[in-house]
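Presented below is the structure to which this report refers.
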Amino acid sequence: VQLVESGGGLVQPGGSLRLSCVASGFSFSNYVMNWYRQAPGKERELVAGITSDGGTRDLADSVKGRFTISRDKNTVYLQMNSLKPEDTAVYYCNVRFYGSTYWGQGTQVTVSS
């Protein structure tokens, strides 16, 4: 199983970024995919999940109305709009199956003027 995130970077408050996570090594279309984030000094938190048929689940209250999760072929996306400084974190892609949890290496998102 391999999960490779990309798309992070430095953006000003109010800006947008689109994160991508390319998955391989498992039947991507069969599983829920998730985006988590971890800010400095804080626990990793679930941002959003997407079901195998494309339905959003577990969208964090702090990102409702600003972030959208989607999937296509072997990639899961996180569209982030109206970014705030408190969105600064390392963002991770995640999948769970057969009792195991898999993570990507993460991509840094920094929201600062």
Side-chain angles (χ1 to χ4, degrees):
V1 174
Q2 189 172 23
L3 302 171
V4 180
E5 301 98 333
S6 63
L10 173 64
V11 63
Q12 293 186 343
S16 297
L17 283 175
R18 188 192 197 202
L19 306 184
S20 299
C21 171
V22 178
S24 61
F26 65 103
S27 298
F28 175 79
S29 61
N30 291 347
Y31 298 101
V32 172
M33 298 296 298
N34 304 293
W35 281 101
Y36 281 75
R37 67 184 180 186
Q38 188 166 20
K42 294 188 176 181
E43 293 187 355
R44 195 170 294 190
E45 64 171 349
L46 178 62
V47 176
I50 186 165
T51 62
S52 57
D53 61 358
T56 299
R57 53 177 277 175
D58 302 324
L59 189 63
D61 288 342
S62 58
V63 306
K64 284 180 180 176
R66 301 188 298 121
F67 289 14
T68 303
I69 188 170
S70 61
R71 65 191 298 162
D72 183 24
K73 296 181 181 179
N74 66 334
T75 303
V76 58
Y77 304 97
L78 188 67
Q79 177 67 45
M80 306 186 297
N81 299 327
S82 303
L83 282 161
K84 304 176 181 180
E86 51 263 43
D87 296 318
T88 295
V90 179
Y91 285 72
Y92 298 91
C93 183
N94 159 283
V95 65
R96 299 185 189 89
F97 56 88
Y98 299 139
S100 296
T101 300
Y102 301 90
W103 298 93
Q105 84 287 350
T107 186
Q108 175 70 48
V109 171
T110 303
V111 185
S112 176
S113 55

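These numbers were taken from a predicted model, which means no experiment stands behind them.
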Student check: side-chain heavy atoms of [X] and [Y] closer than 4.5 Å:
X	Y	value
V95	V32	no
R37	S62	yes
P13	P85	yes
T107	V90	no
T51	M33	no

Rounded to the nearest 0.5 Å, what's the gap from [atom1] on [X] to [atom2] on [Y]? Could you check?
X	Y	atom1	atom2	result
Q2	S24	CD	OG	4.5 Å
E5	Y91	CD	OH	12.5 Å
R71	I50	CZ	CD1	6.0 Å
L3	C93	CG	SG	4.5 Å
W35	E45	CH2	CD	14.5 Å

Residues, nucleotides or ligands: over 12 heavy atoms within 6.0 Å of E43 CD: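 No.
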Nearest heavy atoms of L17 and L83, plus distance in Å: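 That closest heavy-atom pairing would be N-CD1, 3.9 Å.
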Heavy-atom closest contact (V109 atom, G8 atom, distance):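 So the minimum-distance heavy-atom pair works out to CG2-CA, 4.1 Å.
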Counterpart residues, side chain to side chain contact (heavy atoms under 4.5 Å, CB included), relative to S112 (two or more places apart):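 Only L10, T110 meet the side chain to side chain contact (heavy atoms under 4.5 Å, CB included) criterion with S112.
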Sequence-distant partners of T75, side chain to side chain contact (heavy atoms under 4.5 Å, CB included), two or more places apart: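 S20, V22, Y77.
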Side chain to side chain donor-acceptor pair (under 3.5 Å) partner of N34, chosen from T101, D58, N94: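 Option passing the side chain to side chain donor-acceptor pair (under 3.5 Å) with N34: N94.
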Salt bridge (charged side-chain N to carboxylate O under 4.0 Å, His left out) partners for R66, two or more places apart: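 With sequence neighbours excluded, R66 shows a salt bridge (charged side-chain N to carboxylate O under 4.0 Å, His left out) to D87, given in chain and number order.
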Sequence-distant partners of K73, salt bridge (charged side-chain N to carboxylate O under 4.0 Å, His left out), two or more places apart: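 In terms of salt bridge (charged side-chain N to carboxylate O under 4.0 Å, His left out), with neighbours along the sequence ignored, K73 is linked to no residue.
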Sole candidate of I69, V47, L78 that passes side chain to side chain contact (heavy atoms under 4.5 Å, CB included) when paired with L19: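 Answer after filtering I69, V47, L78: L78.
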Ring pair (Phe, Tyr, Trp, His ring centres under 6.0 Å) partners of residues 7-28, not counting sequence neighbours, each pair once: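 Sorted result for residues 7-28: F26-F97.
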R96 NZ/CZ over Y31 ring centroid, <6.0 Å and within 45° of normal: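 Judged by the rule, R96 and Y31 form no cation-pi pair.
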Y36: ring-ring contact (aromatic ring centres under 6.0 Å, His included) partners, not counting sequence neighbours: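 ring-ring contact (aromatic ring centres under 6.0 Å, His included) check on Y36 returns W103.
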Short side-chain donor-acceptor distance under 3.5 Å, S16 and N81: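 There is such a pair (donor and acceptor under 3.5 Å, judged by atom type) between the side chains of N81 and S16.
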Sidechain-backbone polar pair: T88 side chain, V111 backbone, donor-acceptor under 3.5 Å: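 Checked: pair present.
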